[in-house]
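A short write-up of the structure that comes next.
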Amino acid sequence: MVAGGTLSANANANADVDVSADAKANAGADVVSDAVPRWVNRMARAVPVAVLPSGLWRMAMAVGIPVGFSGQLAKDWQPGLETSSYITLLTLFTEGLALLTIGLVRPWGESVPRWLPFLGGRRIPVWAVAVPGMLGALAVTALSLQMFWGGAPADVGGSEAPHGAAAWIMNACYVPMLLWGPLLAVVTVAYCVRRRQP
């Protein structure tokens with residue numbers, strides 16, 4: 001009698017768990033992110049924030065706000081259809097790549113969204129996310145370090161580069177990009193560890 005009572009209590013507890021999981025999935029709740037540690041979520045969300053200041057600086061240049069360039073550099077980066085389009089597309093592309101980091105802590109990073117034809121609902125292999133994630137982390141780390149290799153970004157243009165407050169603003173906008181690669185690497189490793197767990 002006691003054993004039967006315990007068994008039925010366990011069955012009811014399991015049923016409650018299954019029902020609540022189904023309810024969350026049907027309600028569109030973020031079931032997968034429940035397993036993601038809070039610090040990993042924060043790191044993933046920090047990536048687009050770290051990339052944003054440099055994008056805002058570039059967009060200021062694209063719309064004609066003086067950013068401190070002079071001489072030939074000012075002429076080369078003068079706003080116009082071609083230059084402004086290039087800067088805008090580069091900024092959107094960069095921010096889009098940074099936003100992909102959030103996929104490492106969201107359900108769409110683990111299974112294809114159901115609304116997509118043919119592949120909807122299928123699990124994404126761990127390697128299909130981990131390999132691009134780690135290669136991306138290495139690439140953006142190398143690019144960021146190269147940008148700062150000879151000094152701050154504002155130092156690269158020599159005498160025509162921004163000086164004073166304009167140089168300080170440019171450097172301050174680009175320094176957070178140094179976090180992109182390491183943050184992406186840590187979030188990718190956490191993704192692999194989580195997906196490998198039973």
Enter the distance from [X]:[atom1] to [Y]:[atom2] here, rounded to the nearest 0.5 Å.
X: R195; Y: W127; atom1: CZ; atom2: CH2; answer: 12.0 Å
X: R58; Y: C173; atom1: CZ; atom2: SG; answer: 10.0 Å
X: T188; Y: M43; atom1: OG1; atom2: CE; answer: 10.5 Å
X: I102; Y: L99; atom1: CD1; atom2: CG; answer: 5.5 Å
X: R42; Y: L183; atom1: CZ; atom2: CG; answer: 13.5 Å
X: I169; Y: W57; atom1: CD1; atom2: CH2; answer: 10.5 Å

Do [X] and [Y] share a hydrophobic cluster (ILVMFWY, side-chain heavy atoms under 4.5 Å, transitive)?
X: M147; Y: L97; result: yes
X: V40; Y: M134; result: no
X: L179; Y: L145; result: yes
X: I87; Y: L90; result: yes
X: Y86; Y: L73; result: yes

Worksheet item: In this structure, are over 12 heavy atoms from other groups packed under 6.0 Å from E82 atom CD?
Response: no

Worksheet entry | Atom CH2 of W108 with >12 non-hydrogen neighbours under 6.0 angstrom | yes

[X] versus [Y], closest heavy-atom pair with distance:
X: G68; Y: A166; result: CA-CB, 4.0 Å
X: P132; Y: V129; result: CD-O, 3.4 Å
X: A44; Y: P48; result: O-CD, 3.3 Å
X: A137; Y: L184; result: N-CD2, 3.5 Å
X: A50; Y: P176; result: O-CB, 3.3 Å
X: V51; Y: M177; result: CA-CG, 4.4 Å

Discussion item. Evaluate V67 against M170 for side chain to side chain contact (heavy atoms under 4.5 Å, CB included), listing each step before the verdict.
Written reply: CA-CA 8 Å; V67 292; M170 180 182 182; over 6 Å; no

Are any side-chain N or O atoms of [X] and backbone N or O atoms of [Y], one a donor and one an acceptor, separated by less than 3.5 Å?
X: E160; Y: G71; value: no
X: S84; Y: L81; value: no
X: R194; Y: L104; value: yes
X: Y191; Y: G103; value: no
X: T83; Y: P79; value: no

Worksheet item: So, do V187 and V47 sit near enough that their side-chain heavy atoms are less than 4.5 Å apart?
Response: no

Item to complete: For the pair W180 and T94, evaluate side chain to side chain contact (heavy atoms under 4.5 Å, CB included) and give the outcome as yes or no after the intermediate values.
Response: CA-CA 11 Å; W180 186 1; T94 304; 3.7 Å; yes

Worksheet entry | R123 and S111 side chains, donor-acceptor separation under 3.5 Å | no

Item to complete: Evaluate side chain to side chain contact (heavy atoms under 4.5 Å, CB included) for M61 paired with F69, printing each intermediate quantity in order.
Response: CA-CA 10 Å; M61 185 171 57; F69 288 140; 3.4 Å; yes

